[in-house]
Every structure is written in C-alpha cells, then in structure tokens.
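Keep in mind that this is a model prediction, so the values were computed, not measured. Order of the sequence lines fixes the chain letters, A, B, ..., with proteins taken first and strands second; residue numbering starts at 1 for each chain.
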Protein chains: 2
Amino acid sequence: MRKRATAREVAEVAGVSKWTVIRAFTPGASITDASRQKVLQAAEALNYSPNLLARSLATNTTHQVAVFVDDFANPHKLPVLEMLTERLQAEGLLTVLININRNFDHVHALINADQRQFDAVILFGTAFREETLGDRRLGPGLPPMFVLARDSQIPGVPAIACDTELALSEIVEYLFNKGYRRPGFMMGARTLSTALGRRHHYANFWRQKGVENVVELTAERYSAQAGAEAARIYLSSAAPRSRVDVLMCENDILALGALDVARSDFALAVPQELAVVGFDNIELGGVPAYGLTSYEQPTDKMIDAIVGMITGERASETIVFPGRFIRRLSA
Amino acid sequence: MRKRATAREVAEVAGVSKWTVIRAFTPGASITDASRQKVLQAAEALNYSPNLLARSLATNTTHQVAVFVDDFANPHKLPVLEMLTERLQAEGLLTVLININRNFDHVHALINADQRQFDAVILFGTAFREETLGDRRLGPGLPPMFVLARDSQIPGVPAIACDTELALSEIVEYLFNKGYRRPGFMMGARTLSTALGRRHHYANFWRQKGVENVVELTAERYSAQAGAEAARIYLSSAAPRSRVDVLMCENDILALGALDVARSDFALAVPQELAVVGFDNIELGGVPAYGLTSYEQPTDKMIDAIVGMITGERASETIVFPGRFIRRLSA
DNA sequence: TTGTAAGCGTTATCAC
DNA sequence: GTGATAACGCTTACAA
C-alpha cells in the first residue's frame with residue numbers, strides 16, 4: 001500500500017511549484033491552460049488527488065455532517081436516511097451516522113462532533129433536552145445544529161418537521177366524520193416532544209369535537225412487539241362497550257403491532273370493531289395484510305430545507321411542512 | 001461562535017510548552033502530575049479539547065470508517081447499522097454512511113474515502129465487481145476494504161457473512177421433510193453474488209433430494225411491492241396443479257410482499273396451498289399477521305469479526321458464521 | 001500568471 | 001520530564 005502522492009511530488013514532475021498544482025485543482029483559479037495541462041498530466045501519472053484532510057485543516061471546513069440517531073427500530077428511518085445522504089452527497093457533504101445510546105450520549109457525541117470540526121449536526125428524531133447544552137464540558141463554538149422530524153426544544157436550534165397540528169386536525173376530522181367517538185392514543189416510551197405534540201393535538205381536536213376523553217396507552221419501546229404488548233394489555237382489561245373504537249398510534253410500527261394483536265389475539269374486525277391509525281406511512285403499512293391508514297411526512301421538502309440551511313442557501317429557522325393523509329382500510 | 005482553543009493557548013495559560021499540553025492529553029506519556037494538573041486546569045478554563053482533524057493529519061489515521069450501502073429498502077439494514085455503529089463507536093471509530101447510487105458510484109465513493117483517509121471501508125451488502133477496482137482513477141493505496149453480509153468477489157477483500165450453504169441446507173432439509181416437492185425461488189433484480197449464492201445452494205440441495213426443477217421468479221427491486229408484483233405475475237399464469245408449493249424468497253421483504261399477494265389476491269392458504277420462506281428475520285416477519293419462516297443472520301458475530309479485523313485485533317480473512325433457522329407458520 | 005512565506009493544530013523525534 | 005525542531009499536506013495571503 002503505497003502512500004498517496006502529494007502536491008509537492010506532482011509539482012516536481014510537472015516542473016512547477018506546488019502552489020501551481022493547487023491552482024490546477026482549484027476551480028476558477030488563475031492559471032494558464034498550459035500549466036494546468038502539465039499539472040493534470042503529472043497528477044494522473046502519479047495518481048494524485050488532493051488530501052481532503054489537509055484541506056479541511058487549512059480551511060476549517062470538513063464537508064462532513066453528523067447525523068444523530070437514537071432509535072433504529074422504526075423502519076421509516078431508512079428511507080429518510082437514504083434521501084438525506086443522497087442530497088447531502090449531491091452537495092459534496094458526507095454523512096457521519098452517530099448512534100446515540102447509553103454509552104455514547106448527546107454530550108459525548110457533540111464534543112466529538114466539535115473536535116472533528118463537522119460542518120453541522122442533525123438531530124434526527126433524537127430526544128434532546130435544552131439542559132444538555134448547558135453541560136459545562138460543551139462550551140461555545142459547537143457546529144450549527146438542526147432538529148429533523150421533530151420539534152426543537154432548544155432556542156436557536158431550528159427544527160425542520162412535519163406540521164403536526166395540521167396533520168392531526170386532518171386525521172381527527174376524518175375520524176370524527178367516519179363516526180368514531182371513543183378515541184385512544186398510543187405513545188412510545190419516550191415522553192418527549194414529538195409524542196407529546198401529537199398526543200396534545202390529537203386530544204385537542206377531539207375536544208373541539210366535543211369528545212373529552214382520550215384513552216392513553218404507552219408502549220415500552222418503539223417496536224411492533226411493544227405496540228402489540230401495549231394493545232394486549234389494554235384490550236384484555238377494557239370492557240367491549242366502553243373500549244376505544246379508534247386507536248391512533250404515534251407511529252406505524254406501533255400501529256402494526258397493535259393491529260395484529262387486535263385481529264389475531266382478540267379476533268376484532270378492523271376497522272369495524274377497532275380502527276387503527278399510524279404515522280409515517282412506512283412501506284409495509286401499505287401492503288394488503290395491513291392497509292394501514294397513516295400520515296406521510298413531507299420528507300423530500302424537509303430534507304431540501306435542512307440541506308439548504310446547512311449549505312447556507314437558505315435561512316436557518318424553524319419551519320414545518322404539510323404532510324399527506326393516507327387513507328386506507330384500517331380506519 | 002468563538003473558535004476552539006488550541007494547545008498553544010492552553011500552554012500559555014498553564015505556563016508550559018505546548019508539547020507538555022499534548023502530553024497531558026496523551027495516555028501514558030511521561031509527565032509529572034504537577035504539570036498535568038496545571039495543564040488540565042488551564043484546559044478546562046479555556047474549554048480546550050484536542051483537534052482531531054489536526055491529529056488525523058499528523059497520525060495518518062482518522063478513526064472514521066466508511067460504510068457503503070446501496071439498498072435502503074430492506075428494513076434489516078437498520079438493526080445491523082445500529083449494532084455496527086455502536087461497536088465501532090465503542091472502539092473510538094465513527095461511521096460515515098455513504099449512499100451508493102447512480103450519481104455516486106463505488107469509484108466515486110472510493111476515491112473520496114481515500115482522499116479523506118478513512119481507516120477502512122465496509123461494503124455492506126453492495127453490489128461491487130472486481131473490475132471496478134481496476135478503474136485507473138483508483139490507483140493503489142486505498143483504505144482496507146471489507147465486505148459485510150455477502151460474499152466477496154474480490155481477491156484480497158475479505159468477506160464476513162452468514163454461512164449461506166449451511167443456511168440453505170437447513171432450510172431445504174426442513175422443507176423437504178415437511179413434504180414440499182415443488183420449490184420456487186424469488187430473487188431481487190441484482191443478479192449478483194448473494195442472490196446467486198442463495199439460489200445456487202437452494203437448487204443444489206433440492207437436487208440432492210431428487211428435485212431437479214426449481215422455478216425462478218425475479219422481482220424488479222428489493223421491496224415488498226416488487227415482491228408482490230413478481231408473485232402476482234407468477235400466480236396469475238401458473239396452473240394450480242403444477243404451481244410451486246413452497247416459495248423461498250431472497251429476503252424477508254420480498255417474502256412479505258409475496259405472502260400478501262398469495263393470501264389477498266389469490267386467496268391461497270399459507271402454508272397449506274403455498275408456503276413462503278424469507279431470509280433475514282426482520283421484526284415484522286415475526287408478527288402474527290405474517291408468522292414468516294425465515295433465517296436469522298448471525299449479525300453480532302459478523303460485526304464482532306469485522307470490527308476486530310478493522311482494529312487489527314483479528315486477522316483479516318474471509319469468514320462465515322452459522323445463522324439460525326426461524327421456524328414459524330408460513331412454511 | 002506564478003512563486004514565496006506563513007499558518008492550520010497536531011504528532012514524532014531528538015536534545016537537554 | 002520538558003522544550004525545541006521538523007513534519008503532516010494543504011490554503012491564504014502577498015510579492016514578483
């Protein structure tokens with residue numbers, strides 16, 4: 001494994017100074033075509049390409065963006081990551097995927113992101129509290145931060161998300177018109193902003209319809225199994241007459257688990273005896289076995305926006321986009 | 001956004017040389033406790049922490065590992081990425097997630113990985129041909145490469161994977177004993193090694209059982225929709241008497257699509273009229289609505305191995321681990 | 001247009 | 001144990 005060629009070596013071969021080599025690789029630098037050709041030829045011969053590490057050190061910009069994720073159970077993360085990496089790469093930015101967990105918390109990750117001089121940090125759905133930023137190990141001068149797909153709890157950190165209020169107004173409007181009157185809501189364990197926001201608006205809109213009572217279920221984690229378990233516990237104890245007639249779940253993965261339990265373990269007809277609604281519109285919700293009614297986040301717009309903010313083509317500010325209600329058989 | 005403090009600044013405050021500052025941050029360096037204390041105090045006051053970018057330039061090691069992914073449709077990628085990032089982070093390595101697609105191919109990505117001096121490159125299930133490495137833009141001196149979760153087609157690039165042959169022998173053995181005699185196999189569009197390997201062994205073991213004919217279906221992509229479509233085409237045209245009685249799919253996501261179509265569109269009882277087997281054992285395959293018989297890859301062992309090879313604690317060589325057959329209702 | 005000098009913030013190596 | 005010199009490979013002045 002030979003070492004990489006450097007600009008100096010190319011310069012020697014091309015018979016110019018190393019700065020001329022740099023210029024040949026700098027778009028829009030003043031250099032004669034003759035020199036450029038000589039350099040490019042020598043570079044090709046030596047298989048030279050600029051060392052981006054050295055460039056980063058000199059320019060104070062790494063063209064790397066950290067993406068913090070703390071929940072890998074939701075399949076919806078995958079298409080978003082796909083789109084995000086693609087758009088970032090189109091702007092010359094690479095994605096550093098950082099797993100936030102017990103051994104590697106937000107403070108750790110932020111210190112690291114700072115030490116590595118990442119150009120930006122995206123909090124992709126992670127549960128992050130304002131007081132975390134108060135940690136004295138952090139200090140000032142962190143990379144610009146953005147919250148993706150949830151609302152921000154941190155002043156000065158813009159959030160790019162789906163319009164939750166609009167989404168839930170559409171959903172509740174639809175459910176109410178369908179005749180449902182005994183709503184339930186299932187959240188994941190993380191009692192943080194996204195869950196609370198959705199639950200809050202859900203309850204609010206029902207209240208506006210004159211329905212005061214919204215039954216709350218809580219799943220241990222964000223997984224189909226946990227959703228199933230929470231549904232099982234509830235359905236075992238609830239009297240059929242007073243049982244909820246429609247269960248909205250914080251996301252599709254919980255909804256699929258709940259729907260399965262209702263049908264398989266309790267032999268409930270969906271949506272006649274129990275309607276189920278999810279959120280995210282994951283691919284599997286759309287297959288015939290489920291036909292899950294859900295809500296699609298405007299992922300492409302959100303990603304366009306966040307990438308624009310990172311590149312500076314767009315002002316950094318909290319913004320929400322309207323999503324799309326996906327009506328299927330389950331409600 | 002103030003700039004980060006540097007070792008030199010800390011040195012001034014602490015009244016020592018900047019090299020002493022470095023030593024205070026270098027485990028096992030020779031330095032007196034007194035100096036170390038002075039330095040750490042000054043560092044804390046200035047909120048100093050070493051600049052990893054500069055360190056990388058000097059040490060020729062970035063502690064970053066690139067992971068190439070070209071198929072984000074399979075939910076199975078997510079738990080693997082979770083485990084991979086976690087174990088890498090435990091070794092002080094960050095994961096750069098690179099989306100291989102039409103606009104950013106393997107050659108692009110490898111050049112970039114080289115320019116950024118990544119410590120290693122993991123080809124996570126990507127379709128990568130030997131001739132790609134022959135591209136003259138690449139040249140020698142690339143970071144060490146590893147293939148994860150499929151077999152390698154490149155000499156010198158170790159593959160860390162599930163023992164496909166063993167897996168398919170177990171699967172076919174089971175299916176044969178269950179009495180199935182008309183096997184089918186559904187692959188994704190990518191006619192490359194993993195698919196071919198599984199198909200190859202599947203056909204082989206059936207042949208050893210005296211069953212010569214394995215019907216082949218091909219899905220356009222790796223998605224439930226594509227799996228559904230491929231199954232629909234086949235089931236529409238196949239005569240019930242000669243139709244396959246068991247359909248093995250290259251992965252769970254195709255299998256779920258196929259299973260849905262069989263049940264919903266063709267009203268086939270699963271497994272009585274058509275048995276379905278997948279591969280990967282994704283969470284949703286296990287829910288009651290599916291009960292998909294599948295095969296679990298030994299992800300933890302594979303990841304331990306690949307991380308060990310990257311850190312150098314383990315010899316870099318192709319290796320396979322036995323997985324686990326997951327028997328459920330669908331076959 | 002081209003070459004020179006200084007600097008980015010570390011680490012490696014050698015004196016003291 | 002500590003300080004100094006050189007080097008990592010590039011960029012950004014500035015001078016020629």
Side-chain angles (χ1 to χ4, degrees), chain A residues 2-40 42-43 46-64 92 111-112 114-119 141, chain B residues 2-40 42-43 46-64 92 111-112 114-119 141:
Chain A
R2 235 201 59 236
K3 278 192 54 91
R4 295 169 50 79
T6 78
R8 204 175 54 74
E9 293 170 335
V10 175
E12 274 173 22
V13 172
V16 297
S17 74
K18 71 173 179 179
W19 296 276
T20 305
V21 174
I22 301 291
R23 287 187 182 98
F25 282 90
T26 308
S30 44
I31 181 176
T32 57
D33 261 1
S35 312
R36 161 171 287 125
Q37 286 314 320
K38 268 195 304 189
V39 170
L40 291 184
L46 295 180
N47 217 289
Y48 166 84
S49 66
N51 182 328
L52 297 185
L53 209 51
R55 173 178 294 176
S56 290
L57 183 60
T59 58
N60 247 319
T61 155
T62 54
H63 294 277
Q64 296 199 143
I111 293 177
N112 208 276
D114 185 29
Q115 293 184 287
R116 292 184 192 261
Q117 311 266 72
F118 291 143
D119 289 355
Chain B
R2 234 200 59 236
K3 277 192 54 90
R4 297 169 48 81
T6 77
R8 204 177 52 78
E9 293 169 335
V10 174
E12 273 173 23
V13 173
V16 297
S17 74
K18 68 175 179 178
W19 297 278
T20 304
V21 173
I22 301 291
R23 286 188 182 98
F25 282 90
T26 307
S30 44
I31 181 176
T32 57
D33 260 1
S35 313
R36 160 172 286 124
Q37 286 314 319
K38 267 193 306 187
V39 170
L40 291 184
L46 295 180
N47 217 289
Y48 166 84
S49 66
N51 181 327
L52 297 186
L53 211 50
R55 174 177 293 176
S56 290
L57 183 61
T59 57
N60 249 317
T61 153
T62 54
H63 294 277
Q64 295 198 144
I111 292 177
N112 208 277
D114 185 28
Q115 292 185 287
R116 293 183 191 262
Q117 310 266 71
F118 291 143
D119 289 355

Participant: For the helix from C/dT1-D/dA16 to C/dC16-D/dG1, what is the angle between the axes at its two ends, each from 5 pairs, rounded to 10°?
Facilitator: 40°
Participant: NA contact type, B/Ser30, heavy-atom cut-off 4.0 Å: base, sugar-phosphate, or nothing?
Facilitator: base
Participant: For residues B/Thr26 and B/Ile22, report the shortest heavy-atom separation together with the two atoms involved.
Facilitator: OG1-O, 2.8 Å
Participant: Can you find a side chain N or O atom of B/Ser35 that sits less than 4.0 Å from OP1 or OP2 on D/dT2?
Facilitator: yes
Participant: What heavy-atom pair brings B/Arg116 and A/Leu53 nearest, and what distance separates the two atoms?
Facilitator: O-CD1, 4.3 Å
Participant: Work out which heavy atom in B/Tyr48 is nearest to a heavy atom in B/Ala7; give both atom names and the distance.
Facilitator: CE1-N, 3.4 Å
Participant: Which value, rounded to the nearest 0.5 Å, describes the distance between B/Phe118 atom CZ and B/His63 atom NE2?
Facilitator: 13.5 Å
Participant: For residues 29-39 of chain B, run the donor-acceptor check on the side chains, cut-off 3.5 Å, and write out each pair with its distance to 0.1 Å, sequence neighbours left out.
Facilitator:
residue, atom, partner, partner atom, Å
B/Thr32, OG1, B/Ser35, N, 3.3
B/Thr32, OG1, B/Ser35, OG, 2.7

Participant: Might you list the N or O atoms of the protein lying below 3.5 Å from N or O atoms in nucleotides 8-12 of chain D, with each pair's distance?
Facilitator:
residue, atom, partner, partner atom, Å
D/dG9, OP1, A/Lys3, NZ, 3.3
D/dC10, OP1, A/Tyr48, OH, 2.9
D/dC10, OP1, A/Asn51, N, 3.2
D/dC10, OP2, A/Ala7, N, 2.8
D/dC10, N4, A/Lys18, NZ, 3.0
D/dT11, OP1, A/Arg55, NE, 2.6
D/dT11, OP1, A/Arg55, NH2, 3.2
D/dT11, O4, A/Trp19, NE1, 3.1
D/dT12, O4, A/Trp19, NE1, 3.3

Participant: What are the 5'-most and 3'-most nucleotides of DNA chain C lying under 4.0 Å from any heavy atom of chain B?
Facilitator: C/dG9 to C/dA12
Participant: What are the two closest non-hydrogen atoms of B/Ala5 and B/Leu46, and how far apart are they?
Facilitator: CB-O, 3.7 Å
Participant: What pairs with B/Asp114 under side-chain contact (heavy atoms from CB on, under 4.5 Å), at least two apart in sequence or on another chain?
Facilitator: A/Arg4, B/Leu142, B/Pro143
Participant: Would you compute the distance between atom CG of B/Asn112 and atom OG of A/Ser49 and round it to the nearest 0.5 angstrom?
Facilitator: 9.0 Å
Participant: What residues, two or more places apart in sequence or in another chain, satisfy salt bridge (Lys or Arg N to Asp or Glu O under 4.0 Å) together with B/Arg55?
Facilitator: none
Participant: Which residue is it: B/Thr6, B/Val16, B/Val13, B/Leu40? I am looking for the one with a side-chain contact (heavy atoms from CB on, under 4.5 Å) to B/Val21.
Facilitator: B/Val16
